[in-house]
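Only a predicted model underlies this, so the values are computations on that prediction, with no experimental measurement involved. Quick note: residue numbers are just sequence positions, from 1.
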Amino acid sequence: MDYIIGVIVLILIFIIWGYFFKKRYFKEIDRLESWKISITHRPVLEELSKVKQLNMTGETEEMFENWRIEWDAIITDHMPEVEELLFDAEEFVDKYRFSRSKEIQRKITVKLNEIEEMIKKILYELNELVGSEEKNRLEIEDIKESYRQLKKSLLAHRHNYGKAADKLESSLDEVLQILQKYEEETVNGNYLNARELVLTIKDKLAVLSVKMEMLPKLLVDSQSELHSQLNELKDGYEEMSGQGYLLSHIQFEQEISRLEEELDLYKTQLENAETEAVEKGIKEMRESIEVLYDLLEKEVLSKQYILKNDEILRKTISDLEYENDKLKVETIHVQHTYHLTENELDAQRKMEKQIAQISKRHQLLVLKMEDNVMASSLISEEMQGLAVQLKELQENQKDFTVKLQALRKDEMDARDSLAELKRKMVDTGRLISKSNIPGLPEEYKVVLQDAKESMDDVQGKLEEKPLEMAAVYIYLEKAVQQVDKVHEKAQELIEHMYLAEKVIQFGNRYRSSHDMVAESLREAEAKFRSYEYQAALETAATAIEKVDPGSLQKIGANIEEVLS
């Protein structure tokens, strides 16, 4: 029983599987069938009927016949073959031969794609033919009108085109011949050839229109304006040469000769209506003429610059030499007193050498000016270069002078600082004397001696010849520190002395009642008499603080009021 049920289930599975596969393949066959039907409904015949409105001769008749044959082949040969293949594909599906059906479906797809390409080709060629006829018909009247206008302009203004009129007339005749050829091709139904002729005519007329627009101006430019400019340049060159200007470096005559040869070439090109080449050449010639004008003008301006600035340059060099001599003497004088580095001395020697070189260059330049062997523009450039160098040297001279003056100023500042230190030491001494201090401890005497020796070192360095300011400042800095230290120590010493005295006086009230305080105060007094004021203060304060805590703070506040 189970075996039978299993067989039944397998049969059911097979039937269901076959149903779904057949459904999928029939769906693809239906799609191909729809594709085939859509091809047969394409409006190819309606499109072909448009051609019958044209002249059915020549290439039109030939192309129409080819398209009709191709379409008949599609309908009578290719489509029945597709129909037969579709039938076979359905039959194989019914027999569950799916792979065979799939293979046939691929053949149908290839065949239908080939038919599609054939139809596209027919419609493209057809539209090209019909479109060409339509475009020709729409454009030819404008082309004829353009031809008439150009012909009319040539006849009315022939004198404006010079000898090029014959060339233009010949070109218009060529256009007319092509127009006649166009009419013949159109009558003969060769619309595609006619389209090519229309495009050729349009191009030729566009070129002719530009040539006829440009020719009158180019003729005036080349035969009148440019000739006048060249003659004006030659007159200016001759006039300047007569005035003594040296112009050989410009190669003026060679350039003028080249430009005149080019003008002759333009004349020939314009006779042949070669406007594009002449337009470009005239533009370049204008630039060349402008360069020549600029070069001649540069010589004139350069000579004016020379006349205006030569005396200024001479005076500047003279002043610079004079200042350099003064600076040299001052440097020697400063060397006796101050220490100058090798770099500083090299800078002064370098300036002297540069001034000598500039002076020599200027002398050579003057000789060339007197002998008139150098163009004014070159002389002017040389003078401008010298002026720049002279300005730089003047700045260097000022900087070096300031540096020498700074050395003397540094010395005076150092001497003033030393004098200030001495005044501070005197003020500190007065402070000590005014305080009625019994004596000075050894520690303070050592600091005082160090300060005096430091000031003596500064004084000694200031008296050395040559004076080396770097060393002076090193010693001066040390002296400042030592004097500040003396002043601080003096203030501490006075403060400790006053405070120790007050604390001992305050502690006397406890001598009789506290033996320990009495003993400490005797020790403190001994240290006070030995000028050990800080130690005396510490000994007395420690003892008193034990018997009367906080009393030292009150004494200290009172002392600050006294000292302030």
Side-chain angles (χ1 to χ4, degrees), residues 143 146-147 149-175 199-241 245-305 375-378 380-381:
I143 289 172
S146 296
Y147 169 80
Q149 290 297 328
L150 292 176
K151 186 74 173 178
K152 180 180 177 181
S153 178
L154 180 61
L155 292 173
H157 308 287
R158 190 181 184 90
H159 61 282
N160 289 338
Y161 304 109
K163 294 183 179 180
D166 293 337
K167 182 69 176 178
L168 295 173
E169 188 171 20
S170 176
S171 297
L172 285 171
D173 290 342
E174 290 178 12
V175 170
L199 296 176
T200 301
I201 295 169
K202 286 177 71 176
D203 289 342
K204 285 184 174 294
L205 288 176
V207 171
L208 274 171
S209 177
V210 172
K211 287 180 181 293
M212 291 178 67
E213 181 181 352
M214 293 174 59
L215 263 168
K217 184 177 185 307
L218 293 176
L219 285 168
V220 171
D221 289 345
S222 62
Q223 295 176 7
S224 177
E225 182 182 346
L226 291 177
H227 270 297
S228 297
Q229 290 181 352
L230 290 179
N231 289 332
E232 184 179 321
L233 272 172
K234 287 192 286 187
D235 292 342
Y237 176 81
E238 293 297 330
E239 182 180 352
M240 289 178 65
S241 296
Y245 283 92
L246 193 66
L247 304 172
S248 57
H249 66 290
I250 297 177
Q251 296 184 331
F252 182 87
E253 295 174 344
Q254 297 93 317
E255 184 66 7
I256 288 292
S257 178
R258 181 184 71 80
L259 294 176
E260 288 177 339
E261 289 176 4
E262 286 188 4
L263 272 181
D264 291 338
L265 175 61
Y266 299 158
K267 181 181 178 182
T268 303
Q269 290 175 327
L270 287 175
E271 289 175 358
N272 294 320
E274 298 175 12
T275 54
E276 186 176 353
V278 174
E279 183 185 28
K280 181 181 178 182
I282 285 178
K283 182 180 178 182
E284 292 175 353
M285 181 174 285
R286 289 186 190 281
E287 292 174 356
S288 298
I289 289 173
E290 191 66 30
V291 169
L292 288 176
Y293 272 118
D294 290 343
L295 289 173
L296 293 179
E297 184 181 15
K298 184 179 180 181
E299 293 301 320
V300 173
L301 295 175
S302 296
K303 193 161 189 177
Q304 292 174 357
Y305 176 87
S376 297
S377 57
L378 301 178
S380 172
E381 290 173 3

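Residues forming a side-chain contact (heavy atoms from CB on, under 4.5 Å) with S257 (at least two apart in sequence, or on another chain): E261.
Within the 4.5 Å cutoff, no side-chain heavy atoms of D235 are placed close to those of E238. Using a 4.5 Å cut-off on side-chain heavy atoms (C-beta onward), E381 and K298 make contact. Looking only at side-chain heavy atoms (C-beta outward), K151 and D173 come within less than 4.5 Å of each other. E174 places a side-chain heavy atom less than 4.5 Å from the side chain of S170. E299 places none of its side-chain heavy atoms less than 4.5 Å from the side chain of S380.
A salt bridge is absent between K267 and E262: the closest approach of a Lys/Arg side-chain nitrogen to an acidic carboxylate oxygen does not fall below 4.0 angstrom. Classification of K217 and E225 as a salt-bridged pair fails, no side-chain N sitting under 4.0 Å from a carboxylate O. Between E276 and K280, none of the side-chain N atoms (NZ, or NE/NH1/NH2) sits under 4.0 Å from a carboxylate O, so this pair counts as no salt bridge.
Partner of I289 under the side-chain contact (heavy atoms from CB on, under 4.5 Å) criterion, chosen from L233, D294, I256: L233. Just one residue in the list E284, M285, Q254 forms a side-chain contact (heavy atoms from CB on, under 4.5 Å) with L259, and that residue is M285.
Between the CD atom in E232 and the NE2 atom in H227 there is a gap of 15.0 Å [rounded to 0.5 Å]. Note that CG of L301 is 11.0 Å distant from CG of L296, once rounded to the nearest 0.5 Å. The distance from the CD atom of E260 to the CG atom of L265 is 14.0 Å, given to the nearest 0.5 Å. With rounding to the nearest 0.5 angstrom, the CD atom of E297 is 10.0 Å from the OG atom of S302.
The closest side-chain donor-acceptor pair between Y293 and Q229, if any, does not fall under 3.5 angstrom.
Across all non-hydrogen atoms, the minimal contact from E255 to L292 is CG-CD1, 3.8 Å.
Crowding of K204 atom NZ: a count of heavy atoms from other residues, nucleotides or ligands under 6.0 Å not exceeding 12.
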